[in-house]
Every structure is written in structure tokens, then in C-alpha cells.
Number of protein chains: 2
Amino acid sequence: MSREITFGNYLQDKGLKGTQQRDEVADLFLKADRHFSVEELYRRVQKSDPRIGFSTVYRTLKLLVEAGLATERQFGDGFTRFEPVHREEHHDHLICIKCGKIVEFKDDRIEELQNGVAGKHNFRVTDHKLELYGYCNRCE
Amino acid sequence: MSREITFGNYLQDKGLKGTQQRDEVADLFLKADRHFSVEELYRRVQKSDPRIGFSTVYRTLKLLVEAGLATERQFGDGFTRFEPVHREEHHDHLICIKCGKIVEFKDDRIEELQNGVAGKHNFRVTDHKLELYGYCNRCE
DNA sequence: GTTGATTTTGAATTTCATTTTCACTATAAT
DNA sequence: ATTATAGTGAAAATGAAATTCAAAATCAAC
Ligand SMILES: [Mn+2]
Ligand SMILES: [Mn+2]
Ligand SMILES: [Zn+2]
Ligand SMILES: [Zn+2]
């Protein structure tokens with residue numbers, strides 16, 4: 001029976017300190033189900049504790065990524081986004097270029113074909129990115 | 001019989017001026033078959049004419065994109081890359097995260113499945129990005 | 001070929017997301 | 001409580017990309 005993967009445990013295992021700021025940022029981030037930009041999360045954090053700085057939000061998000069509790073994404077709008085890893089399933093994204101709506105999907109047949117392509121070119125694939133950009137039904 | 005799409009024609013059609021710098025930058029870019037960072041193209045341009053500036057390389061690349069003669073790519077290393085549009089075929093990329101080798105591929109079955117996914121979520125897809133990251137056979 | 005309005009150039013500056021610095025503070029082991 | 005160590009946040013630095021502006025180049029009209 002292995003220990004639950006929590007932010008607190010991660011910090012302890014790494015010899016890092018638990019702080020109010022880290023807890024606050026991590027809580028607000030993890031309990032939401034969104035693709036946050038740093039700015040967005042910072043604004044939310046400010047509401048519950050205006051003394052927490054931008055740097056700490058940045059730093060905590062990086063720690064969450066290291067802990068495997070967050071994923072970093074680039075959707076091409078110039079802002080890095082982070083999403084909580086709720087289920088540990090890989091997924092890809094459909095992105096509305098008008099309203100920013102993000103839909104997640106996973107298609108095993110696509111993933112399989114990707115592996116086929118990689119194999120044909122003698123690559124060992126460690127990661128991939130599939131993003132479909134367009135207009136959602138509300139924006140169309 | 002329609003006029004050939006050249007950079008010169010594009011500039012004329014838009015009422016823009018043809019300059020030595022634009023010609024030089026466009027020539028060096030278009031005759032290579034590479035995914036250039038601006039820095040890389042700038043270095044190549046410097047060799048043939050050291051008086052051409054960085055800004056002009058940037059500006060010319062954007063013009064080439066507008067003219068449909070170049071495509072802008074983000075491979076996640078922090079540098080925007082541009083590739084000449086030789087044939088007007090869409091393609092995706094396999095990228096070695098060790099040596100930077102880039103292999104192009106196109107898989108119609110993947111594209112088809114992508115359309116299926118988009119349709120299921122009532123999106124009209126205008127663009128997509130599929131990148132496979134890993135190790136090429138030399139780096140493995 | 002000269003003119004002259006207009007565009008382009010390139011060095012320098014600015015922008016803006018992100019990272020780093022550093023004096024101060026908080027944490028946690030002893 | 002003491003103390004070593006790590007964290008905080010305001011401010012400064014960074015770096016890729018965009019923009020500024022005085023000087024230079026282009027080109028259509030003379
Ligand atoms: Mn997601
Ligand atoms: Mn390519
Ligand atoms: Zn939309
Ligand atoms: Zn390689």
C-alpha cells in the first residue's frame with residue numbers, strides 16, 4: 001500500500017518546506033478543473049490572500065508539475081497554461097480560437113497510428129502533442 | 001493561366017516595395033529545405049550580406065508567411081521556426097529531443113480520425129498541430 | 001535621369017511573459 | 001528556543017519578439 005501522492009508528501013520527500021502559500025496556491029489550483037494561465041490562477045489566489053506574490057504562484061506551479069500533479073501546456077496564445085492532473089490519463093485538446101473553449105479528448109486509434117508512424121521512422125516517442133484548432137458550435 | 005506565386009508578385013500585388021534585402025533573405029530562405037529559427041536564418045544572411053539587420057529578417061519572414069510561402073512553427077524549444085512551403089501539402093512532425101532532427105510525415109488515417117473527433121464535438125476545425133517528440137535512431 | 005512622396009531599413013529601444021535576485025521571513029529539526 | 005536551511009515577494013533581469021525613428025532606398029510621375 002503506497003502513500004498517496006499529495007503535494008505535501010512530495011515536498012516532504014524532497015526535503016522541501018511546506019508553507020501556507022504553497023498550500024493555498026496548490027489547493028486553489030487542484031480543486032478547480034481548468035486550464036489555468038499563471039495570471040488567472042494568480043488572480044484567484046489574490047482573492048483569498050492578497051499577500052501572495054506572482055513569483056510564488058509561478059514557483060508553486062512548477063513544483064506541482066514536478067510532483068506530477070499538474071501538466072504544462074502551450075496552446076499558442078503566448079501564455080503557458082497549467083492543468084491539474086486529476087485522472088492520470090493522457091488526453092489531447094480541441095480549442096476554439098474565438099472563445100477559448102477547450103474540449104479534451106482521447107482517441108486510441110489515433111495514438112496507435114502515431115506509434116506506427118514513429119516506428120516506421122525508427123523514433124522512440126516519449127511524448128506527443130495533438131491540438132485541433134477551430135470554432136466551437138456556439139462560435140460558428 | 002494564373003500568375004506564379006512569387007515573393008516579388010506578392011509584394012507588387014500588395015503595393016509593397018521590392019528591396020535587395022527582401023530578395024536576399026527570401027532567396028536564402030526559400031532555396032533551403034529547413035526549419036529555420038530566425039537566428040539561424042540571420043546567421044546565413046549575414047554571410048552573404050553583413051549589413052542586413054535582424055529586424056529585416058524577422059519582417060521578411062512574416063511577409064513570407066503572409067504570402068503563403070512560409071509556415072510558422074512552434075516546436076516548444078522557445079524559438080519560433082519557419083519552413084519554406086515547397087509543395088502545398090500539409091504535414092506533421094517527428095522531433096528528436098536530443099539532436100533536433102525533424103522528420104515530416106502525413107497520415108491520412110490520422111487526419112480522418114481527427115475530423116471524426118472534431119465532428120463529434122461540433123467543432124469546425126481550421127487547423128491542427130500534431131507533433132511526436134522522442135529519440136531518433138542515432139540518439140537512442 | 002531627377003524629383004519627391006512613400007516605404008523600408010537597422011540600431012536601438014520597448015514589450016511582455018517568465019525567471020532570477022536578494023534582504024527578509026518562515027519552517028522544522030535539534 | 002535556537003539555528004540552519006529554505007521560502008517569500010518586490011524588484012530587477014532576462015530573452016524572444018515587436019516597435020520606433022532618423023536615414024536610406026524605392027518607384028511612379030515628371
Ligand atoms: Mn486538458
Ligand atoms: Mn515541416
Ligand atoms: Zn467558441
Ligand atoms: Zn536525434
Side-chain angles (χ1 to χ4, degrees), chain A residues 7-29 35-67 70-82 100, chain B residues 7-29 35-67 70-82 100:
Chain A
F7 192 39
N9 289 345
Y10 176 79
L11 293 174
Q12 244 182 325
D13 291 352
K14 291 281 176 181
L16 303 173
K17 290 177 180 172
T19 69
Q20 290 179 18
Q21 291 93 325
R22 284 177 174 170
D23 287 350
E24 187 69 25
V25 173
D27 280 355
L28 288 172
F29 174 72
H35 299 78
F36 277 110
S37 69
V38 184
E39 174 74 34
E40 285 164 355
L41 181 57
Y42 175 65
R43 279 203 296 269
R44 184 162 297 196
V45 166
Q46 281 285 293
K47 280 183 201 156
S48 80
D49 188 347
R51 288 170 310 175
I52 295 179
F54 216 90
S55 315
T56 297
V57 176
Y58 259 107
R59 287 188 279 232
T60 306
L61 282 169
K62 303 225 116 181
L63 285 173
L64 286 161
V65 171
E66 283 168 36
T71 312
E72 198 173 335
R73 306 270 185 195
Q74 300 284 349
F75 291 146
D77 61 353
F79 298 88
T80 300
R81 285 169 185 282
F82 295 84
Chain B
F7 192 40
N9 289 346
Y10 176 78
L11 294 175
Q12 244 181 324
D13 290 352
K14 291 281 175 177
L16 303 173
K17 291 176 179 172
T19 68
Q20 290 177 19
Q21 290 92 325
R22 285 178 174 170
D23 287 350
E24 186 69 23
V25 173
D27 280 355
L28 288 173
F29 174 72
H35 298 78
F36 277 110
S37 70
V38 184
E39 174 72 34
E40 285 165 355
L41 182 57
Y42 174 65
R43 280 203 295 271
R44 184 162 297 195
V45 165
Q46 282 285 293
K47 280 183 200 156
S48 81
D49 187 346
R51 289 169 310 175
I52 295 179
F54 212 89
S55 314
T56 298
V57 176
Y58 257 110
R59 287 189 279 232
T60 305
L61 282 169
K62 303 226 116 180
L63 285 173
L64 285 162
V65 171
E66 284 169 35
T71 312
E72 198 172 337
R73 306 271 186 192
Q74 301 284 349
F75 291 147
D77 62 352
F79 297 88
T80 300
R81 284 168 184 281
F82 294 85

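- Closest heavy-atom contact between B/A26 and B/T60: N-CG2, 4.3 Å.
- Between A/F79 and A/V38, every side-chain heavy-atom pair lies at or beyond the 4.5 Å cut-off.
- Looking at every heavy atom in both residues, A/Q74 comes nearest to A/T80 through NE2-OG1, 2.9 Å.
- For the contact set between residues 35-42 of chain B and DNA chain C, defined by any heavy atom under 4.0 Å, there are no members.
- The stretch residues 53-67 of chain B touches DNA chain C through B/G53, B/S55, B/T56, B/R59, each having a heavy atom under 4.0 angstrom from the strand.
- With sequence neighbours left out, A/F36 forms a ring pair (Phe, Tyr, Trp, His ring centres under 6.0 Å) with A/F29.
- Qualifying salt bridge (charged side-chain N to carboxylate O under 4.0 Å, His left out) partners for B/R81, counting only residues two or more places apart in sequence or in other chains: B/E40, B/D77.
- Residues forming a side-chain hydrogen bond (donor to acceptor under 3.5 Å, both in side chains) with A/Q20 (at least two apart in sequence, or on another chain): none.
- Taking A/R59 as the reference, nothing meets the side-chain hydrogen bond (donor to acceptor under 3.5 Å, both in side chains) condition, with sequence neighbours excluded.
- For the helix from C/dG1-D/dC30 to C/dT30-D/dA1, the rotation axes defined at the first and last 5 base pairs enclose an angle of 20°, given to the nearest 10°.
- In this structure, B/Y10 OH and B/L16 CG are separated by 6.5 Å, a value rounded to the nearest 0.5 Å.
- Although no hydrogens or angles enter the test, the distance criterion places a donor-acceptor pair under 3.5 Å between the side chain of B/R22 and the main chain of B/K17.
- Not a single side-chain hydrogen bond (donor to acceptor under 3.5 Å, both in side chains) links A/D23 to another residue, sequence neighbours left out.
- Counting heavy atoms from C-beta on, the side chains of A/L11 and A/L63 come closer than 4.5 Å.
- In this structure A/E39 satisfies the side-chain hydrogen bond (donor to acceptor under 3.5 Å, both in side chains) test together with A/R43, sequence neighbours excluded.
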For residues 46-56 of chain B, please give each side-chain donor-acceptor pair under 3.5 Å, one per line with the distance, not counting sequence neighbours.
| unit_1 | atom_1 | unit_2 | atom_2 | d |
| --- | --- | --- | --- | --- |
| B/Q46 | NE2 | B/Y42 | OH | 3.3 |
| B/Q46 | NE2 | B/P50 | O | 3.2 |
| B/Q46 | NE2 | B/I52 | O | 2.8 |
| B/S48 | OG | B/E24 | OE2 | 2.5 |
| B/S48 | OG | B/V45 | O | 3.4 |
| B/D49 | OD1 | B/R51 | N | 3.0 |
| B/D49 | OD1 | B/R51 | NE | 3.4 |

Protein heavy-atom contacts under 4.0 Å, written 5' to 3' over nucleotides 24-30 of chain C as B (base), S (sugar-phosphate only) or - (none), form the string --BBS--
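- Look at CZ on B/R22: it is 11 Å from P on C/dG10, rounded to the nearest Å.
- Protein chain B touches strand DNA chain D; the 5'-most and 3'-most nucleotides with an atom under 4.0 angstrom of its non-hydrogen atoms are D/dA16 to D/dC27.
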